[in-house]
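Notes for the one structure printed next.
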Amino acid sequence: MSWLSEPKKGAARRSGIITVLDVGSSKVCCIIARLMPAEEGRALRHRTHRVKVIGIGHQQSQGMKSGVIVDLDRAEEAIRLAVDAAERMAGLTVDSLIVNVSAGRLRSETISASINLGGHEVAQSDINRVLAAGARQGLETEREVVHSLATGFSLDAERGIRDPRGMVGSELGVDMHILTADAAPLRNLELCINRSHLSVERMVATPYASGLAALVDDEAQMGAACIDMGGGTTTISVFAEGKFVWADALPVGGNHVTMDLVRGLSARLEDAERLKVMHGSALISSSDDRDIVSIHPMGTDPGEQPIQVPRAVMTRIIRARIEETLEMVRDKLNRSGYGGLVGRRVVLTGGASQLVGLPEATRRLFGRNVRLGRPLGVAGLPEAAKGAAFSASVGLLIYPQVAEFENRGRSGKSGIFTRATGTGGRFQRVSQWLKSNF
C-alpha cells in the first residue's frame with residue numbers, strides 16, 4: 001500500500017506533502033506539491049489524489065552527462081539551487097525527496113517466484129514475502145534493483161489475480177518485472193544529494209515516471225510505448241494491462257543533435273542550440289532551400305558578419321541524428337519481445353521531443369500512431385512547466401499513488417512509504433551541517 005492510503009480497507013485517504021527532484025542532463029527541477037484525496041477520474045482512474053504544486057525550482061544542469069554525474073561539485077550546486085528555489089516558493093524546508101534515475105544501463109527482466117501458504121488466507125505479509133523472493137532473484141553483483149513490480153499473481157492453479165489479499169490457497173505465486181541498474185551511478189547520485197543535506201526517499205526510473213505522467217489509463221491498459229527524449233538520454237517504457245512491463249535507455253538525446261550542428265556548421269554551442277529550437281525540424285520541407293539562417297562561426301570577432309546558410313543544410317544534420325536515434329529505439333523495442341504489446345500507440349515526451357516534425361518522423365519510421373505527451377492531472381504548474389520537458393518531474397509526483405505491491409530490493413522496504421517527504425527537516429539539516437563542518 002502507498003503511504004497516502006490507510007492500511008485498512010475503506011479507510012479515508014490522507015493528504016500529504018511530497019518533494020521530488022528530476023536530475024537530468026539539461027535541467028535540474030525540484031517540485032514540492034500537496035496531494036489531496038480525489039474522486040476517481042475517467043481518463044486517469046489510477047490517480048487516488050489530486051496534485052497541487054506549491055513550490056517549483058529549476059536550474060540548468062551542471063556536472064551531468066548522459067544522465068551520469070561527471071562533476072560532483074557542480075551537480076551538487078545545481079541541486080542546491082533548484083531545491084532552495086522550490087523551498088522559498090513553498091515556504092517550507094525539504095528533508096527527503098524522491099529522485100529519478102536514467103543512467104546505469106537500465107535492464108528489465110521478467111521473474112516468477114512462489115511461496116507456500118499452508119492453506120491460510122493471503123495477508124499483506126505473504127505478499128511482501130513473495131515479492132522479496134522475486135526481488136532477490138534480480139540481484140546481481142554491482143547492480144541494484146530500481147523497481148520490482150508485480151505484473152500478476154497466481155493462487156494455486158489460478159493465474160491473472162490482481163489482488164490476492166483475503167483469498168485462501170496453498171501456494172502464492174507472482175510474476176514480476178525487475179528493473180535493475182549499475183550500482184555506481186546510483187550511489188554517486190545519492191551521494192550528491194546527501195552532500196546537499198538531503199536524503200533520498202526513493203529512486204524511480206525515468207521511463208516509468210514519464211509513462212505515469214503522459215499516458216492515460218486506456219493507453220496503459222491496451223498497450224503503449226512511452227519514449228522520453230531528454231538532453232543526454234532517451235528512455236523507453238512499455239505499459240500493458242495497466243502495468244509497467246519493460247524499460248530501456250540509450251545514452252543519446254537532444255544534446256547530441258546540438259553537437260552535430262556545432263560540428264556540421266562550425267557554429268558556437270549557444271548559437272547551435274538557439275538554431276535548433278527556433279529553426280530546427282526533423283522533416284525536410286520544400287521551403288528549406290529558400291529559407292536562410294544566419295550563423296556566427298566559432299572563433300570570429302563579434303563585429304564580423306554572420307554566414308548565411310540554407311535551412312536545408314541544418315535540417316539534414318538534424319534528420320540524420322533523429323532517424324538514427326529512432327531506429328535504435330525501434331530495434332530495442334522489437335528485440336525486447338514487447339513490440340507486439342504496444343499495438344499502434346506510441347507517446348513521445350521529454351524536452352527533445354518538442355522538436356518540430358518529430359511526431360511525424362516517428363510515425364513514418366514506426367508505422368504506428370504517435371502523439372506528443374504532456375503531464376496530465378496536475379494543478380499549479382506554471383505555464384513553462386506544462387510541456388513535455390516536465391513529464392518525468394510530474395511522474396515522480398504520481399508515483400506514490402501507484403507504489404502498491406512493489407518490493408524495493410535496494411532499501412529492503414516493501415513498497416510502503418515510511419513518511420511523507422518535504423517537511424520537518426529544518427533541525428535535522430542544521431544538525432547535519434554542524435556535524436559535517438565542526
Side-chain angles (χ1 to χ4, degrees), residues 24-25 66-67 102-110 177 179 181 205-216 219-241 243-260 276 280-284 315-374 388-389 391-392 395:
S25 302
S66 296
S102 55
R105 296 185 299 141
L106 296 177
R107 187 175 72 208
S108 284
E109 296 179 77
T110 301
H177 169 210
L179 184 66
T206 298
Y208 187 20
S210 297
L212 289 176
L215 296 178
V216 298
E219 288 173 329
Q221 189 67 34
M222 298 304 296
C226 180
I227 302 172
D228 185 298
M229 304 186 74
T233 57
T234 295
T235 62
I236 319 122
S237 58
V238 173
F239 288 73
E241 296 184 358
K243 306 288 185 179
F244 172 48
V245 297
W246 181 80
D248 208 333
L250 295 167
V252 182
N255 294 344
H256 294 77
V257 176
T258 304
M259 292 307 299
D260 287 349
K276 181 185 76 173
S281 175
L283 292 177
I284 295 176
T315 303
R316 281 195 289 270
I317 295 172
I318 294 173
R319 183 185 179 186
R321 173 65 75 173
I322 291 296
E323 287 185 349
E324 180 190 29
T325 303
L326 291 175
E327 284 172 359
M328 287 192 291
V329 170
R330 182 190 61 187
D331 292 344
K332 278 187 173 291
L333 192 59
N334 291 338
R335 287 198 301 268
S336 72
Y338 290 97
L341 285 179
V342 171
R344 302 192 61 81
R345 175 63 63 177
V346 173
V347 177
L348 295 175
T349 190
S353 69
Q354 298 172 114
L355 181 70
V356 174
L358 185 59
E360 290 79 7
T362 308
R363 193 176 296 118
R364 290 181 181 181
L365 196 64
F366 279 67
R368 291 181 166 100
N369 298 323
V370 179
R371 72 171 178 88
L372 187 63
R374 292 180 176 84
S391 291

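The analysis underlying the following values was restricted to heavy atoms, covering all of them including side chains, and did not include hydrogens, waters or symmetry mates.
- Atom CZ of residue Arg363 and atom CG of residue Asn369 lie 7.0 Å apart, to the nearest 0.5 angstrom.
- Atom CD1 of Ile317 and atom OG1 of Thr258 lie 11.5 Å apart (nearest 0.5 Å).
- Using cut-offs of 30° and 60° on the angle between ring planes, the pair Phe239 and Tyr208 is tilted.
- Shown here is Glu241, whose CD atom has no more than 12 heavy atoms of other residues, nucleotides or ligands within 6.0 Å.
- For Arg364, the CZ atom sits in a loose shell: 12 or fewer heavy atoms of surrounding residues, nucleotides or ligands are nearer than 6.0 Å.
- With rounding to the nearest 0.5 Å, the separation of CD1 in Ile227 from NZ in Lys332 is 13.0 Å.
- Using a 4.5 Å heavy-atom cutoff, the side chains of Leu333 and Phe366 are in contact.
- Within the structure, the salt bridge (Lys or Arg N to Asp or Glu O under 4.0 Å) test picks out the following pairs touching residues 339-358 (sequence neighbours left out): Glu219-Arg345.
- Side-chain contact between Asn255 and Ser25 is present, with at least one heavy-atom pair separated by less than 4.5 Å.
- In this structure, Leu358 and Leu326 have side chains that are in contact, with non-hydrogen atoms separated by less than 4.5 Å.
- With contacts defined as side-chain heavy-atom distances shorter than 4.5 Å, the pair Ile318/Leu355 qualifies.
- Remark: Glu360 engages no residue in a salt bridge (Lys or Arg N to Asp or Glu O under 4.0 Å) (not counting sequence neighbours).
- For the pair Val238/Ser336, no side-chain contact is recorded, criterion being any heavy-atom separation below 4.5 Å from C-beta on.
- Side-chain contact check for Trp246 versus Thr110: every heavy-atom pair is 4.5 Å or farther apart.
- Looking at heavy atoms from C-beta onward, Thr325 lies in side-chain contact with Met229 at the 4.5 angstrom threshold.
- Of all heavy-atom pairs spanning Ala209 and Ala392, the tightest one is CB-O, 3.7 Å.
- Counting non-hydrogen atoms of neighbouring residues, nucleotides and ligands closer than 6.0 angstrom, the CE atom of Met328 exceeds 12 such neighbours.
- Annotation: the span from Ile322 atom CD1 to Leu365 atom CG amounts to 11.0 Å, rounded to 0.5 Å.
- The distance from the CG atom of Asp228 to the OG1 atom of Thr234 is 8.0 Å, given to the nearest 0.5 Å.
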